[in-house]
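Worksheet: the structure to be examined is printed underneath.
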Amino acid sequence: MAIENAVSADEIKVDRAKMHISDTDVAIDIVGMHKWYGEFNVLKDINLRVMRGERIVICGPSGSGKSTMIRCINRLEEHQKGKIIVDGKELTNDLKKIDEVRREVGMVFQHFNLFPHLTILENCTLAPIWVRKTPKKQAEEQAMHFLRRVKIPEQANKYPGQLSGGQQQRVAIARSLCMNPRIMLFDEPTSALDPEMIKEVLETMVGLAEEGMTMLCVTHEMGFARKVANRVIFMDQGQIVEENTPGEFFDNPRHERTKLFLSQILH
Amino acid sequence: MSQDIGYVRTEMALPQPAPLRERGPLAWMRKNLFANPFDSVLSIVGFFIVAMIVPPLFNWAIVNAQWTGTDRTFCATVAQGGIQPDGWSGACWAFVKAKFGQFMFGRYPLDERWRVILVAIMFVALLVPLLVPRIPRKGLNSVLFFLVLPVVSYFLLIGGVFGLPHVETPLWGGLLVTLTLSFVGIVVSLPFGILLALGRRSKMPVVKMLCVIFIETVRGVPLITVLFMASVMLPLFLPAGVSFDKFLRALIGVSLFASAYMAEVVRGGLQAIPKGQYEGADSLGLSYWQKMGLIVLPQALKLVIPGIVNTFIGMFKDTSLVYIISMFDLLGVVRQNFSDAAWASPQTPASGLVFAALVFWIFCFGMSRYSIFMERRLDTGHKR
Ligand SMILES: Nc1ncnc2c1ncn2[C@@H]1O[C@H](COP(=O)(O)OP(=O)(O)OP(=O)(O)O)[C@@H](O)[C@H]1O
Ligand SMILES: [Mg+2]
């Protein structure tokens with residue numbers, strides 16, 4: 001891992017020579033990225049650098065391109081212009097690089113996307129066994145470790161359909177963690193949940209943040225943003241409009257659109 | 001004046017037996033047969049139809065049937081030159097009994113039939129543990145059933161090695177042909193159909209186009225045509241001197257045909273899998289084949305079990321069409337024997353056909369029941 005990083009980090013050092021940041025501290029680097037759906041320019045000139053251990057909350061109105069941007073980071077969507085470098089690997093059409101990136105980047109979806117034909121335990125061990133080639137026994141121990149961490153070890157042998165939404169989402173988080181990712185992406189992890197379940201999922205995420213996981217999180221949970229985010233990013237019409245620390249962002253928004261948006265979600 | 005609207009239950013109600021009119025056979029009949037006027041009419045019409053068909057059929061097949069005999073005289077009336085009283089009508093099971101060997105094996109030499117029986121025993125011995133979920137070692141079982149058994153059966157049935165006399169395929173017939181054709185068809189068409197379905201949804205244009213062309217061409221022509229082409233046209237394209245077995249050609253024809261149908265059934269299942277499942281698998285770094293094999297196909301195939309079994313059943317019955325290239329499956333052999341002068345009587349065709357129908361029905365019904373059983377078993381609490 002370390003060797004791999006060193007090599008690929010070398011390649012991109014050139015761009016960064018001017019900046020006095022150690023390359024190994026950069027988790028994600030997005031430079032001048034554009035994306036189109038047909039004729040529609042969904043993402044315009046996205047520039048974002050995320051450092052290791054940083055926790056970023058992304059918010060913005062519906063249709064502003066938050067999901068699309070976060071999904072570009074593990075190549076669930078393809079960008080057409082600019083650069084995305086994740087963990088020192090640039091995302092191109094190179095399938096091997098894409099798989100490498102996906103192994104290091106966990107993703108949690110709005111609708112969980114658990115595999116309904118597999119038990120909770122199997123959901124959690126599948127990728128370690130097949131992608132990381134972890135022995136089954138070890139994968140199971142590790143899965144139980146993460147299931148305990150999200151506080152549902154007793155559900156290990158049930159099927160996803162038998163769990164509540166909040167439990168399913170915590171399983172989804174555990175499933176991602178089982179791959180020992182260096183970066184976690186969350187796309188509105190709580191917006192399909194009832195209020196009392198939101199809390200349990202957010203608690204899990206706060207715990208993760210406290211352990212120093214690099215996190216990018218699309219959410220409208222402002223309490224969560226204030227508590228754990230280093231930075232809040234506001235997107236509108238496919239662009240990053242404002243970016244600030246949570247304190248400044250919520251108490252002292254500068255862009256008109258941000259003010260309007262905040263006034264709407266905070267009533 | 002203030003009224004106390006608070007209420008506290010002091011005693012819990014105990015469950016009571018249902019009222020009498022909700023229980024017993026009368027209640028069952030009212031609920032299931034005579035719930036409303038339309039149901040009542042349907043029930044009465046149904047009763048009449050059953051009453052009209054069943055007794056005569058029972059009389060023909062059991063009461064009046066001729067169970068033993070050595071030739072046609074046992075199944076013909078006096079006027080027809082037989083021993084039965086005039087006006088007699090009953091099944092001629094004696095005919096089925098006398099021809100049973102042929103119905104099963106065709107013209108496979110008498111002395112070599114033990115080979116077919118041995119294959120049949122191995123087939124059953126490996127199939128049953130494969131079908132019963134409780135029996136372990138499915139992996140080994142599958143390898144034996146899908147890889148070893150076909151090879152062993154091939155050498156046993158064809159012969160020509162290990163001192164076994166060679167039995168050429170034109171001598172094969174009856175249930176042997178029906179089962180061989182459908183077994184090979186089933187075993188080939190499922191994996192092939194899955195590959196075709198995946199190919200049709202592939203992002204690679206060439207692969208996709210080839211699959212679409214294949215599927216649409218094969219689905220666009222009747223099986224009879226495919227068989228006819230496999231048997232008559234194919235040799236024209238092959239270099240002179242190269243010829244391969246007619247039975248093999250029929251096998252290929254049936255398998256290709258079934259694959260195209262299977263592909264469409266599987267595609268239906270693939271389409272029903274939500275995009276989130278693909279994305280979940282992608283985000284974990286699973287490769288294309290892992291994603292398909294571990295996540296998408298298990299769910300998609302489960303959804304289309306009824307369609308898959310439907311295709312199997314259709315193919316099982318369609319094997320009868322090999323008569324067009326003068327091969328004789330069960331139905332073919334039965335029909336062939338109608339013209340046997342020793343057994344020709346007015347009752348012979350009906351008896352033979354009823355027997356063939358019964359055999360087909362047993363196999364198809366078995367497949368159908370098993371598919372229902374599997375569907376229930378594989379249902380992992382999807383529903384909430
Ligand atoms: N597959 C697609 N094809 C075409 N347009 C799309 C596609 N997916 C998304 N879009 C469009 O791209 C824009 C951004 O969508 P995106 O899902 O990223 O928004 P979002 O910010 O996540 O919104 P929400 O808060 O509602 O989830 C929207 O206008 C949407 O209509
Ligand atoms: Mg979204």
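In the text below, chain A, chain B and the rest are named by the order of the sequence lines, each starting its count at 1.
If you measure heavy-atom distances from A:Phe115 to chain B, the contacts under 4.5 Å come from both the backbone and the side chain. Contact annotation for A:Arg71: only side-chain heavy atoms (C-beta onward) come within less than 4.5 Å of a heavy atom of chain B. Using a 4.5 Å cut-off between heavy atoms, A:Leu185 does not touch chain B at all.
Side chains of A:Asn157 and A:Thr119: a donor-acceptor N/O pair is absent below 3.5 angstrom, by distance only. Side-chain polar atoms of A:Glu77 and A:Tyr37 form a donor-acceptor pair below 3.5 angstrom. Neither side chain, A:Arg103 nor A:Asn180, offers a donor N or O lying under 3.5 Å from an acceptor on the other. A donor-acceptor contact closer than 3.5 angstrom links the side chains of A:Ser191 and A:Gln110.
Interface summary for chain B: among A:Met179, A:Arg75, A:Arg175, the most heavy-atom pairs under 4.5 angstrom belong to A:Arg175.
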### Query
Please walk me through it: do B:Phe123 and B:Phe183 pass ring pair (Phe, Tyr, Trp, His ring centres under 6.0 Å)?
CA-CA 10 Å; B:Phe123 180 81; B:Phe183 174 75; 5.5 Å; yes
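Note that the CD1 atom of A:Ile85 and the CG atom of A:Leu91 stand 9.0 Å from one another [nearest 0.5 Å].
Using a 4.0 Å cut-off between a side-chain N of Lys or Arg and a carboxylate O of Asp or Glu, A:Lys97 and A:Glu90 do not qualify as a salt bridge.
Side-chain contact between A:Val171 and A:Pro160 is absent, with no heavy atoms from C-beta onward closer than 4.5 Å.
At a heavy-atom cut-off of under 4.5 Å, chain A is reached by B:Gly276, B:Gln277, B:Glu279, B:Gly280, B:Ala281, B:Asp282, B:Ser283, B:Leu284, B:Gly285, B:Leu286, B:Gln290 from residues 276-290 of chain B, listed in order of number.
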